[in-house]
Protein chains: 2
Amino acid sequence: MNAVTIKDVARIAGVSPATASRVLSGNPATSPEARARVEAAVEELGFLPNAQARSLRSTKTDSIALLISDVRNPYFSDLAHAVEQHARAAGLMTFIGNANEDSAQQDDFLATMLSRRVDGMIVVPQGLGEQAGTATSMMRRIVDSEIPMVFVDRTLHDIAVPNITAQSREALNEAIAALKSNGHRRIAFIGGPKHASTALERHRAFDAALEANGLPTDAALHFAGDFRTASGADGARWFLAHPLAPSAVIIADAPMAIGALKVWRELRAKVGTDFSVVAFDEVDALLMHDPPIATISHNLEAMGRAAVQALLAVIRQEEADPLELVSSFTLRPSVATAPPENAVHTEGTRP
Amino acid sequence: MNAVTIKDVARIAGVSPATASRVLSGNPATSPEARARVEAAVEELGFLPNAQARSLRSTKTDSIALLISDVRNPYFSDLAHAVEQHARAAGLMTFIGNANEDSAQQDDFLATMLSRRVDGMIVVPQGLGEQAGTATSMMRRIVDSEIPMVFVDRTLHDIAVPNITAQSREALNEAIAALKSNGHRRIAFIGGPKHASTALERHRAFDAALEANGLPTDAALHFAGDFRTASGADGARWFLAHPLAPSAVIIADAPMAIGALKVWRELRAKVGTDFSVVAFDEVDALLMHDPPIATISHNLEAMGRAAVQALLAVIRQEEADPLELVSSFTLRPSVATAPPENAVHTEGTRP
DNA sequence: TTAATCTATGAAATCGATTCCATGGAATCG
DNA sequence: CGATTCCATGGAATCGATTTCATAGATTAA
């Protein structure tokens, strides 16, 4: 192993470990000679401080934890990338953890990070399955432990933690307006799981946007997915078989959209022709699709940056104001004129 | 903070810290009563051991580092996911780091992990920019420090470390055979950067497959990309403008393929009609494309599993045999009959 | 010139666990 | 029954850094 310790450095440099430590941490109470000799010794021995020992004493680890819901979802990997870059710029190492949309795995990761005494946590919280967005006991413990923490993307309503979220009101308004002007009246919504606050927000904003556009809301046009591919596929079949024959659908995240599009392709249902589609999250797969899918997208770079800034503020014991970013709508050919009433994709349900 | 220490637990339980520690680590030399009382105390106080202190003394961290080239590349996020799941099953926490295809960021991450004394490292090595696949000095240090390490996906030729890679010979043979049987003779190759061993392997296998199929190799049909989207776009333009008018192209990874497909779409060059395309890595964006892209894919789940197993073997001081996984070719409609000679995508170069 | 303040330094305490070593009592052996 | 082994346990050392505290010497103030 790397058996070189600060004592070795001190010995070679002819100073005490205390002085060596001061030089290494940039403490001004060091003479130029001492500095030079310690630096030479470090170089000579290839000394690399033991982070464990260092942070055991100093209670600082220069690292933060980032918990996301799913590494393989480009939405979150973009977020992770942004957080990592900004944390890096602030001299912090980021540990990325994966909850797999599962509150048990989340708690596991949080516990390890807590025991490793990270300087702070940025969390996309998984609520408990049943009660919408309710904190787990481990989450409570983190809060009690007073480790700086901020939520990003999602929140839990029963825990007061600074949070950075995105709202989709305006973007959904635009999307619905675009659909309406293309003659769509009955618009379905494939939403996310109850435990995610984003699912609720998107669903509410959807209903609000319908009303704002003078269209009726209808609970029967709402499908409860879980933000994962398979449930998108289910939603796609539900949509095709729907008795009300909606002519358009909005899908609340990219994995579900991809699942849905795959099903529709298999069943030879024609997106853009038979019905129109708008999906959340601007990912390659949706842009490569033919026709390209109109999307409601978030600025994940901004979200990551804001999350890091908020966390740094909490660490510095300052107030971190909650921030709500706006989303933007991009019209693409998956939105087209609604087919004449009562002639909607009837032959498309089975190939 | 979590000010509860093992001494508090010991005091409440009425035992010494030594005994408390034994109970916590499952040491058999403990009486049932002691065990019960310590466990009760732990429960009561909500004690969570300080990982720093623990591993400072025990020189074990129950964690490994995984360094990948690019979090946002689905190829690597799939690999990361697989590694994480298998490490988790073995009781190891995984720290995921992102090199951004950059050896400086790689070294940074490796240094932090070294100073944190992880139990092992799984690395997709970035070589030095110029000299093909040469180790950096930090990489050398890791090797010298004798921290268990394995390479995955890529290797460095001047460092002897167990490695798990994938070879693409058979899959490329099949791909070329499929192209040939569709009448393609001049097949271009958009490859990766010199510093990645996978780039070299794929390029060589490509040439070998041409020969095996009785087709001539030609350096002029090779474009040197860098595995990133932008260079794929460049490659796409290079392909369209190529004086030899190749009728098919194989692209060495998904980000480059996506970059290329976007360009072709913009320029209204018709994939599958004007020319045929095969790409490495089976990612959603390539499957959603119209027409779906034929791919050469690796089993990343198997690769991740093998990497974890190899690392565990090294940690146990056993021999870890290098493993080469095979790739598989999936024919899709992006491969079609070659257009008649000399009529190739001439109007496609500019819209 | 003496007192007061600074500066750079080292010895030793400390962070919170694990582990080595010694020990007293119970169990086993001859 | 005395000697030996085994068990559970506690005291103290330890891991490798940082930080407190005391101090010798230099500098400034009065």
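Just so we're on the same page: letters track the sequence lines, and every chain starts at 1. The structure presented is a predicted model; accordingly, all values stated were derived computationally and were not measured.
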Can you name the ring-ring contact (aromatic ring centres under 6.0 Å, His included) partners of A/Phe227, sequence neighbours left out? none
Going through the checks in order, is the side-chain contact (heavy atoms from CB on, under 4.5 Å) test met by A/Ile159 and A/Arg140? CA-CA 8 Å; A/Ile159 282 210; A/Arg140 280 252 146 60; 4.3 Å; yes
Roughly, in whole Å, what's the span from CG in B/Asn27 to P in C/dT19? 9 Å
Do B/Thr165 and B/Thr198 touch side chain to side chain, with heavy atoms closer than 4.5 Å? no
A/Lys60: what forms a salt bridge (Lys or Arg N to Asp or Glu O under 4.0 Å) with it, not counting sequence neighbours? A/Asp62
Check this one for me: any side-chain N or O of B/Ser21 less than 4.0 Å away from OP1 or OP2 of C/dT18? yes
Please list all pairs meeting side-chain hydrogen bond (donor to acceptor under 3.5 Å, both in side chains) that have one or both residues in residues 301-314 of chain A, counting only residues at least two apart or in different chains. A/His86-A/Glu301
Is the closest basic N to carboxylate O distance between B/Asp108 and A/Arg88 below 4.0 Å? yes
A/Ile6 side chain, from C-beta outward: closest of C/dT19, D/dA17, D/dG16: D/dA17
Heavy-atom contacts, protein to nucleotides 7-12 of chain C, under 4.0 Å, summarised as B (base), S (sugar-phosphate only) or - (none) per nt, yield -SBBB-
Please list, chain by chain and in numerical order, all residues satisfying salt bridge (Lys or Arg N to Asp or Glu O under 4.0 Å) with B/Glu43, sequence neighbours excluded. none
Can you find a side chain N or O atom of B/Arg54 that sits less than 4.0 Å from OP1 or OP2 on C/dT18? yes
What's the CZ-P distance between B/Arg116 and D/dA17, to the nearest Å? 14 Å
Separation of D/dA17 P from B/Gln52 CD (nearest whole Å): 14 Å
Indicate whether the side chain of B/Asp107 and that of B/Thr136 have a donor and an acceptor atom separated by less than 3.5 Å. yes
Compute the bend angle of the helix from C/dT1-D/dA30 to C/dG30-D/dC1 from the end axes (five pairs per end), rounded to 10°. 40°
Given atom CG of A/Leu114 and atom P of C/dA17, what is their separation to the nearest angstrom? 12 Å
For atom CG of B/Leu48 and atom P of C/dA17, their distance in whole Å: 9 Å
Rounded interatomic separation in angstrom, taking CG from A/Leu24 and P from D/dT19: 12 Å
Take the protein atom CZ of B/Arg57 and the nucleotide atom P of D/dA17, then report the distance between them rounded to whole Å. 15 Å
Pick from A/Gln126, A/Gln105, A/Arg228, A/Gln106: which one makes a side chain to side chain donor-acceptor pair (under 3.5 Å) with A/Ser69? A/Gln126
Output the rounded distance in Å from NZ (A/Lys60) to C1' (C/dG16). 19 Å
